[in-house]
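For reference, the structure is listed below as structure tokens.
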2 protein chains.
Amino acid sequence: MTPTSNRPNINTSPVDIHNYFGFAVSVDCVIFGFDDNTLKVLLIKSDLPEFQEKWSLLGDLVDLDEDLDSASYRVLKERTGLENVYLEQVHTFSAIDRHPAGRVVSAAYFSLVNVKHYHLLQNDNELHWHAVSEIQDMAFDHKLILETCLKRLQEKVQEEPIIFNLLENKFSLRELQCLYEAVLGVKLDRRNFRKKLFTTGLLVDINEMEENVPHRPGKLYTFNHNRYSKMKKKIFVGIDF
Amino acid sequence: MTPTSNRPNINTSPVDIHNYFGFAVSVDCVIFGFDDNTLKVLLIKSDLPEFQEKWSLLGDLVDLDEDLDSASYRVLKERTGLENVYLEQVHTFSAIDRHPAGRVVSAAYFSLVNVKHYHLLQNDNELHWHAVSEIQDMAFDHKLILETCLKRLQEKVQEEPIIFNLLENKFSLRELQCLYEAVLGVKLDRRNFRKKLFTTGLLVDINEMEENVPHRPGKLYTFNHNRYSKMKKKIFVGIDF
DNA sequence: GCAAAAGTGTTCACATTACACCCATGG
DNA sequence: CCATGGGTGTAATGTGAACACTTTTGC
């Protein structure tokens, strides 16, 4: 059997393909933050008549001389003032009618930012943090994008220590555990959690204590990024389905 | 801080954005197969002058009235005659100069097919199976795409039983183990492997034996897809980095 | 003194690993 | 009879889960 259509193939034939250059490409960033023991996402109110009063992810069209990673970093920086944030491409959404302006395919990214750092820089009242668990409907296919990115975040925090991007440099074990619980949507045993985290050898006791807490203050730790990047990632093989 | 540029924002403002509609979008499919105890990938020779004699993934431009999943299914069907194959989007590649024809962003998919079924339908001599481990350079950024998809495949076969898409319906445990070893690039203990797979309860002994093997024939099994889809996937939480 | 969270070990069940011998078949 | 892989079990180790009491601080 051979190909059934006679359309030009871009990978094999030097044909005129300008008829196919009618797409716009966008990025949409699911910007996660952690505040008030809750996983939050940064949203903006859509001004499009089709989506009046609905909330939208932060996104933008990609320029013709820009790649996807650069575009999403640009969105992050323009909208939050933050640089050097964690950013990861998750999935590209391409439903034909997903955008009223025309054929726009959108690459979804998720980002992990420190809400405290953000508050210092940004007071734009179009932008608001929303509890992820309370979000109802959103503009475009953004609810689907959010769910997809949340699922990816949940998988990823169990494999790599990216979760520390959501905390300040110094944190207590309670904060860290609350964060894991908020992200994963589960309750964890406190003693087992502490044991597990300590045995990684990646938490540094900085000999400081929490302050201004209405209970016994806990110790503060930092994450040892240096040591982590030097540990060669063990190649774990476990078939589990 | 507020946004620093005055470019229109597609998610919030109903502006004229036609200046951004200059992209082409393509899909590239990493089609994996398993033959001769080796993980293979289906490649085609590029006819583009820029990539003479280099091998390319199977891909094509996406039509303006087509979404990405449909486009990759179409490529699969046109090129291999196979339908109902496993197909999963992995990552979108967008380097500005990745395609000589212009600004083409490409969504990479991987696919798992049964090489035997394919041979029956297809004898196109532009297409060849290549051992994944022996591939040197490729056209475009396709080597990077292949590596990215292989990595995703390796992760995914440990989480979901998609690997059976690479085998025939009936298979011996040796074939299954060789396949895991080829995909993951590791050696597995035979006894522990058998124990592990049997305890899933998802292999069905069909009371048939291998034939035409130059040694003691092994039992044949099928995978119980039905039972798997009924098992509610356990929500496993394990922080491991 | 009371509320709230910090800090701390042990036990049990289960999963993973390492490891060796006899058996069935084809040639 | 020989080569090749099929088929099988056990012991040791490691990991995850369950579980309660004392201590420290702010109020």
* Classify the nucleic acid contact of B:Arg174 as base, sugar-phosphate or nothing, counting any heavy atom under 4.0 Å across all strands shown. => sugar-phosphate

* To do: Determine the contact category for A:Asn212: base if any of its heavy atoms lies under 4.0 Å from a base atom, sugar-phosphate if only primed atoms, P, OP1 or OP2 are that close, otherwise nothing.
  => nothing

* Structure fact -> The answer to which of B:Pro214 and B:Tyr221 contacts DNA chain D further toward the 5' end, by nearest nucleotide, is B:Pro214

What integer distance in Å separates [X]:[atom1] from [N]:[atom2]?
X        : N      : atom1 : atom2 : answer
A:Asp189 : C:dT11 : CG    : C1'   : 14 Å
A:Leu197 : C:dG7  : CG    : P     : 13 Å
B:Gln158 : C:dT16 : CD    : C1'   : 14 Å
A:Glu175 : C:dG7  : CD    : C1'   : 16 Å
A:Asn192 : C:dT10 : CG    : P     : 14 Å
A:Lys195 : C:dG9  : NZ    : P     : 10 Å
A:Met209 : D:dT23 : CE    : C1'   : 11 Å
B:Leu188 : C:dA18 : CG    : P     : 11 Å

* Asked: Is any side-chain nitrogen or oxygen of B:Arg194 closer than 4.0 Å to OP1 or OP2 of D:dG7?
  -> yes

* Are any of B:Lys196's side-chain N or O atoms less than 4.0 Å away from OP1 or OP2 of C:dT16? -> yes

* Carboxylate-amine/guanidinium proximity below 4.0 Å for A:Lys77 and A:Glu83 -> yes

* Asked: Between B:His128 and B:Trp55, what is the ring plane arrangement, given parallel below 30°, perpendicular above 60°, and tilted in between?
  -> perpendicular

* Side chain to side chain, B:His117 and B:Leu82, heavy atoms closer than 4.5 Å -> yes

* Nearest of D:dT25, C:dG7, D:dT4 to any side-chain atom of B:His215? -> D:dT4

* Asked: For the side chain of A:Arg191 and the base of D:dA17, is some donor closer than 3.5 Å to an acceptor across the two?
  -> no

* Asked: Is a donor-acceptor contact shorter than 3.5 angstrom present between the side chain of A:Arg216 and the base of D:dT23?
  -> yes

* Asked: Does A:Glu210 reach the main-chain N or O of A:Lys219 with its side chain, forming a donor-acceptor pair under 3.5 Å?
  -> no

* Polar side-chain atom of A:Glu134 near backbone of A:His130 as donor-acceptor pair, under 3.5 Å -> no

* Structure fact -> Sorted by position of nearest nucleotide on DNA chain C, 5' first, the leading residue of A:Ile239 and B:Arg190 is A:Ile239

